[in-house]
Amino acid sequence: MGDPVVDDELWAEFHRVVNMTSRELEDWLRTRDAGPETEPLPGEAGPPTGNEVLVILRKRRSDVDQRDADVMRKVVDRVHTQRRDDPPDPSAPMRFSQ
């Protein structure tokens, strides 16, 4: 077995910015797309990137492929851009949100 496609830094940062479990994200995507009369079928709710993130969250790190890694980078970059923040300083104390 070769080296993992995703390094420690990307793996940790992706899971930091995607602050939901796969179950929470799946529920959120379905709720977001539900209308007053209908609810989307499982697997059909949400935007394509949301579904790609859902698939990645369900994988073990050793199962992540290059396409997944590209999506992870895109998501991390998008979140940082929208928040206008920099990646956290690893020497800074951890902050937990509730």
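Since the model is a prediction, treat every value here as computed from it, not as a measurement. The residues of the chain are indexed from 1 along the displayed sequence.
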d(E26 CD, M20 CE) to nearest 0.5 Å is 12.5 Å
Hey, is K74 close enough to D70 for a salt bridge, meaning N to O under 4.0 Å?
-> no
Looking only at heavy atoms, what is the nearest atom pair of S22 and L54, with distance?
-> O-CD1, 3.1 Å
Atom CG of L25 and atom CG of N51: how far apart are they, to the nearest 0.5 Å?
-> 8.0 Å
Quick one: do F14 and V79 satisfy side chain to side chain contact (heavy atoms under 4.5 Å, CB included)? Show the steps, please.
-> CA-CA 10 Å; F14 175 78; V79 170; over 6 Å; no
Shortest non-hydrogen contact from L10 toward A69 = CD2-O, 4.0 Å
Using a strict cut-off of less than 4.0 Å between a Lys/Arg side-chain nitrogen and an Asp/Glu carboxylate oxygen, indicate whether D68 and R61 qualify as a salt bridge.
-> no
Might you point out which heavy atoms bring N19 and E24 nearest each other, and give the distance in Å?
-> O-OE1, 4.4 Å
Side chains of V64 and W11 in contact at under 4.5 Å (non-hydrogen atoms) | yes
What's the verdict on side chain to side chain contact (heavy atoms under 4.5 Å, CB included) for H80 and V17, showing C-alpha distance, side-chain angles and the deciding distance?
-> CA-CA 8 Å; H80 286 186; V17 300; 4.1 Å; yes
Please round to the nearest 0.5 Å and tell me the distance separating atom CZ of R23 and atom CZ of R58.
-> 8.5 Å
Roughly how far, to the nearest 0.5 Å, is OG1 of T21 from NE2 of H15?
-> 10.5 Å
Find out whether D65 and K59 are in side-chain contact, i.e. whether some heavy atom of one side chain is under 4.5 Å from a heavy atom of the other.
-> yes
